[in-house]
Amino acid sequence: MLNKEQQEAVEYLDGPLLILAGAGTGKTRVLTSRIIHLINSFEAEAHQILAVTFTNKAAFEMKHRIENQIGDGAKNIWSGTFHSIASRILKRHPEIVGINSDFTIIDGDDALRLIKQIINELEIDVKNYPAKNYLYQIQRFKDKGLKPEKLNSKDFHHHNLPKLAQIYQIYQSRLKNLNAVDFGDLLLYNLEVFEKSPDVLEYYQNKFQHILVDEYQDTNNCQYQWLLKLASKYKNICAVGDDDQSIYSWRGAEIKNILRFEKDFQNTKIIRLEQNYRCTSNILKCASHVIKNNNQRHDKTLWSEANEGEKIKLISFFDERSESQEIAQIIDDLQGKIKLSEIAILVRAGYQTRAFEEAFIANSLPYRIIGGLRFFERREIKDVIAYLRVIFNESDDLALQRIINLPKRGIGNATITKLLSQGANTNSSLFLTVKRGINNGSIKGKMKEALTKFINDIENFKEFSRQNKLDELVKNILNDTGYLQMWKNENTPDAASRVENLKEFISSLEDFASLADFLDHVSLVTNTENETLNKDMVNIMTIHSAKGLEFDTVFIVGLEEGIFPSSRSIEERDGLEEERRLFYVAITRAKKNLYLTHAQNRVVFGNFQASLASRFLSELPQDILDVKSSDNFYNSYDSFSMKKKSDNFSYQSKEKSKSGFLNKRIFHQKFGYGKVVEINGEKLEIIFEKTGQKTVMKNFVQLQ
DNA sequence: TTGATCGATTTTTTT
DNA sequence: AATCGATCAA
């Protein structure tokens, strides 16, 4: 059943509609119901509907739900991520922007390789001006819809990156020569298509009678312009968003797109969804209380009919090891009572997952890391894909560079650089340059032998791929080039798992009819829909990848200054507000139980150091908190644990004070384990295992 | 050209 | 702690 506002949002058909949907208010249901309603009421046919999301997962889920209700007709709906839809459109009109329809979509790795090449040629000091800063800035330009020729000095001056505009321009022309586009280009070229060809634009304006956009607060300027153009004729655009959940400004997202929606589309109807169906009222209260600290937001009141539920648990640990270790213990105790798959550990940054992985392995708790190292991003998989790219398109220099000396063929950096500059001079691809060099004798000896074999291999694979299935092709590549052998020779557990991944990769290829099909798929779909999803495992992931998900029990961990909020966000303008929204998103993932944890010490860049509790913890509503501390240390939040701790001390002093501390292993609440090397009255000299020698009062250590 | 070694640098977040 | 890049000997 839909509530009154949801129903209205589904049925409203008189032009632009903005749905401000708070966390857990059922926006996905509204979106899918609306699409079904459009079709069932004959307002639009499936192929006249455009539904845009940010993640493949969201798009997939939406489509799946609609298919369940109206069957195969749903297949004609244009639904997908901004990038996949833009790619689909660009494939139909590539000539307008001067590329071919078999363009390659390159990922961040390739883009970075290209930028590095360019800044090397321009002799820019990479030490002071790293390539990735350039790449980042260029991506931001693209997010704003700014092409190199449209830049004016104020756009790039303040970035303190020499020759930024020039590099951007060269980067674009190189991509064009390679018949390649990056993620940002997909949208950017769409805009160019629409500008250069009003007919094409009009075709899509007419085609898409109804446009629906999910997560509208995460659109960047380029996507915004794209939507504006497509919707400007019929103005049947329905955007769903929540300014409190905007967490992608670092990728160019602009909250103001929500604010200006009303101005861009006259007579916009605004519907607010404020009834939360997900969380207990305690969790909701916690989230609302936190987000109120932000200034830049629309004030809104989420409410719910749910019970208070459990209190929010706030737990403090000695260090990140005991944090992960004891959380594993807590979960172990819960096992049997609740499903593990209904538990999530949410971290601020990817590297934090490691401690949990280790703790879960130690406690033999099943877990999965969502969004971590994605399948198609693994090195061995990218290598094979690079082979496929070269086979599909021998002019794909970026892919060729990746594999020309993999496995090792004796083609070193010097040779590659030489070949590249030769290629640049003659305006020909790397592949062609190599071939030419072999023929005209400029490549000689061992080098010639190796490169001839390589070129022949590629041509053979090309031939083979015309007659054979994709998985057979890959098997041949792995065997004939010695790539598989390379890993097998390594004989490490790591290499073994790479071999396994390659096997998995081969079996995943069965679904694809052609190489072109596969390459299209792989460039835009980042992860294989993993089959482990149904298994009962604890979920570990970053908060960003948890967006849109919900779990019975959620642990938000590492709530410390410098981690959450992240150290960078503390310095950035508006950084803290976004960080707080991130916290808000994290809190509202929880349906029933919420644990907030932090460690008092943590290893940062290999150094064990004190870690301050996050400022966000002081923004929590105290009355619904249940504050606990791990038994091992002093905790500033909880007088109860202090008392318990001092009990421990008195017990110790009775039993152990006479036995002497010298040369004994001790534990200190703040510094951890150490060995006593000297006693001066009440003071002890201790060499701590992690922090070195310190002077500490006798009363503050326990014998182990 | 390769592999070893040293030192610098790193940690947001992702389509 | 772990990775990346620069440097150098073989």
Side-chain angles (χ1 to χ4, degrees), chain A residues 52-59 80-87 105-109 111-112 116 120 126-127 130-132 135-136 139 142-143 181-187 214-215 218-220 222-223 246-253 320-321 346-355 358 370-374 376-377 379 404-405 407-418 445-447 450 494 522-527 541-548 558 560 562-572 575 578-579 581-583 585-586 602-608 690:
Chain A
V52 208
T53 61
F54 270 86
T55 63
N56 290 296
K57 202 169 70 194
T81 61
F82 274 101
H83 294 91
S84 67
I85 287 171
S87 168
I105 301 168
I106 65 162
D107 64 3
D109 269 12
L112 195 61
K116 275 181 184 163
N120 272 332
V126 192
K127 267 236 154 72
K132 62 174 192 173
L135 180 58
Y136 179 82
Q139 281 168 344
K142 292 188 175 182
D143 290 341
V181 303
D182 65 16
F183 283 126
D185 284 337
L186 289 168
L187 271 295
D214 196 11
E215 309 276 17
D218 288 333
T219 49
N220 62 36
C222 195
Q223 292 160 337
S246 166
I247 54 175
Y248 283 105
S249 74
W250 49 273
R251 180 173 98 172
E320 87 276 7
R321 275 194 63 185
L346 302 186
V347 298
R348 175 64 184 84
Y351 70 91
Q352 293 171 263
T353 59
R354 196 144 113 204
E358 282 166 12
I370 294 183
L373 59 157
R374 274 162 294 212
F376 289 131
E377 281 169 10
R379 201 163 86 209
I404 194 165
N405 197 30
K408 293 242 150 54
R409 301 185 172 92
I411 321 293
N413 232 310
T415 311
I416 294 173
T417 313
K418 203 174 84 193
K446 272 238 158 76
M447 195 82 77
D494 176 64
V522 82
S523 53
L524 287 170
V525 178
T526 44
N527 49 356
M541 69 192 95
T542 65
I543 300 167
H544 281 87
S545 48
K547 188 154 167 207
E560 294 143 49
I563 293 180
F564 198 7
S566 75
S567 45
R568 260 195 226 180
S569 71
I570 294 172
E571 288 158 23
E572 275 168 18
E578 175 144 325
E579 211 70 359
R581 291 193 292 271
L582 195 54
F583 190 34
V585 168
R602 178 175 295 270
V603 176
V604 180
F605 298 143
N607 289 323
F608 188 79
K690 288 179 173 166

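The sequence lines fix the lettering, A, B, ..., with proteins before strands; numbering per chain opens at 1.
- Here A:Leu346 contributes atom CG and A:Phe564 contributes atom CZ; the two are 9.0 Å apart, rounded to the nearest 0.5 Å.
- A:Ile543 has its CD1 atom 11 Å from the P atom of B:dT14, to the nearest Å.
- Residue-level contact check: A:Lys116 touches the backbone only, with heavy atoms under 4.0 Å from sugar-phosphate atoms and none from bases.
- As judged by a 4.0 angstrom heavy-atom cut-off over every strand, A:Phe82 is placed among residues making no nucleic acid contact.
- Of the possible donor and acceptor atoms, one in the side chain of A:Gln223 sits under 3.5 Å from a partner among the backbone N and O of A:Asn220.
- Side chain of A:Gln139 to main chain of A:Gly184: no donor-acceptor pair is present (N/O by atom type, distance under 3.5 Å, no hydrogens or angles).
- Rounded to whole angstrom, the span from the CG atom of A:Asp182 across to the C1' atom of B:dT14 amounts to 14 Å.
- Distance, A:Glu215 CD to B:dT15 C1': 13 Å, rounded to whole Å.
- A:His544 places a side-chain N or O within 3.5 Å of a backbone atom of A:Ile247 that can act as its donor or acceptor partner.
- The existence of a salt bridge linking A:Lys142 and A:Asp185 is confirmed by a sub-4.0 Å separation between a basic side-chain nitrogen and an acidic carboxylate oxygen.
- For the pair A:Gln352 (side chain) and A:Ala349 (backbone), a donor-acceptor distance under 3.5 Å is present.
- A:Lys132 comes within contact range of the sugar-phosphate backbone alone, with a heavy-atom separation under 4.0 Å but no base atom that close.
- Of the side-chain N and O atoms in A:Thr542, one or more sit less than 4.0 angstrom from OP1 or OP2 of B:dT14.
- Put simply, CD on A:Glu578 is 14 Å from P on B:dT13, counting in whole angstrom units.
- Atom CG in A:Leu187 sits about 10 Å away from atom C1' in B:dT15, given to the nearest Å.
- A distance-only check finds a donor-acceptor pair linking the side chain of A:Arg581 to the backbone of A:Ser246 [under 3.5 Å].
- In this structure, the side chains of A:Phe183 and A:Arg251 stay at 4.5 Å or more apart for every pair of heavy atoms.
- Put simply, A:Ser566 has no side-chain N or O that comes within less than 4.0 Å of OP1 or OP2 on B:dT13.
- When heavy atoms are screened at a 4.0 angstrom cut-off, A:Arg602 is found touching no nucleic acid atom at all.
- Residue contacts shown for A:Phe605 include a base, since a base heavy atom lies under 4.0 Å away.
- A sub-4.0 Å separation between OP1 or OP2 of B:dT2 and a side-chain N or O of A:Asn405 is present.
- To the nearest angstrom, C1' of B:dT14 lies 15 Å from CG of A:Leu186.
- Using a 4.0 Å heavy-atom cutoff across all strands shown, A:Ile411 reaches sugar-phosphate atoms only and no base atom.
- At a threshold of 4.0 angstrom between heavy atoms, the contacts of A:Ser569 with the nucleic acid are absent.
- Of the two residues contacting DNA chain B, namely A:Val604 and A:Asn413, the nearest-nucleotide position lying further toward the 5' end is that of A:Asn413.
- A donor-acceptor pair under 3.5 Å links the side-chain atoms of A:Glu320 to the main chain of A:Val603, judged by distance alone.
- Distance A:Asp214 CG to B:dT15 C1': 14 Å, rounded to the nearest Å.
- One can place OH of A:Tyr248 at 6 Å from P of B:dT14, the figure rounded to the nearest angstrom.
- For the pair A:Glu215 and A:Thr53, the minimum side-chain heavy-atom distance is 4.5 Å or more.
- Ranked by how close their nearest DNA chain B nucleotide is to the 5' end, A:Ala414 and A:Gln223 are led by A:Ala414.
- Counting any heavy atom pair closer than 4.0 Å across all strands shown, A:Glu572 reaches a base atom.
- For the side chain to side chain donor-acceptor pair (under 3.5 Å) with A:Lys547, the lone residue among A:Thr55, A:Thr542, A:Asp218 that qualifies is A:Asp218.
- Within the 4.5 Å cutoff, the side chain of A:Glu572 has no heavy atoms near those of the A:Trp250 side chain.
- Which of B:dT1, B:dT15, B:dT11 sits closest to the side chain of A:Tyr351 comes down to B:dT11.
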Pairwise N/O distances under 3.5 Å, protein to nucleotides 3-6 of chain B:
from: B:dG3; atom 1: OP2; to: A:Lys408; atom 2: NZ; distance (Å): 3.4

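- In this structure, CD1 in A:Ile370 is found 12.0 Å from OG1 in A:Thr353, a value given to the nearest 0.5 Å.
- Across all strands shown, A:Gly350 has heavy atoms under 4.0 Å from sugar-phosphate atoms exclusively, and none from any base.
- Using a 4.0 Å cutoff to heavy atoms of chain A, the contacted part of DNA chain C runs 5' to 3' from C:dA1 to C:dG5.
- The strand DNA chain B forms stems, runs of 3 or more Watson-Crick or G-U wobble pairs with distances below 3.5 Å, at B:1-10 with C:1-10.
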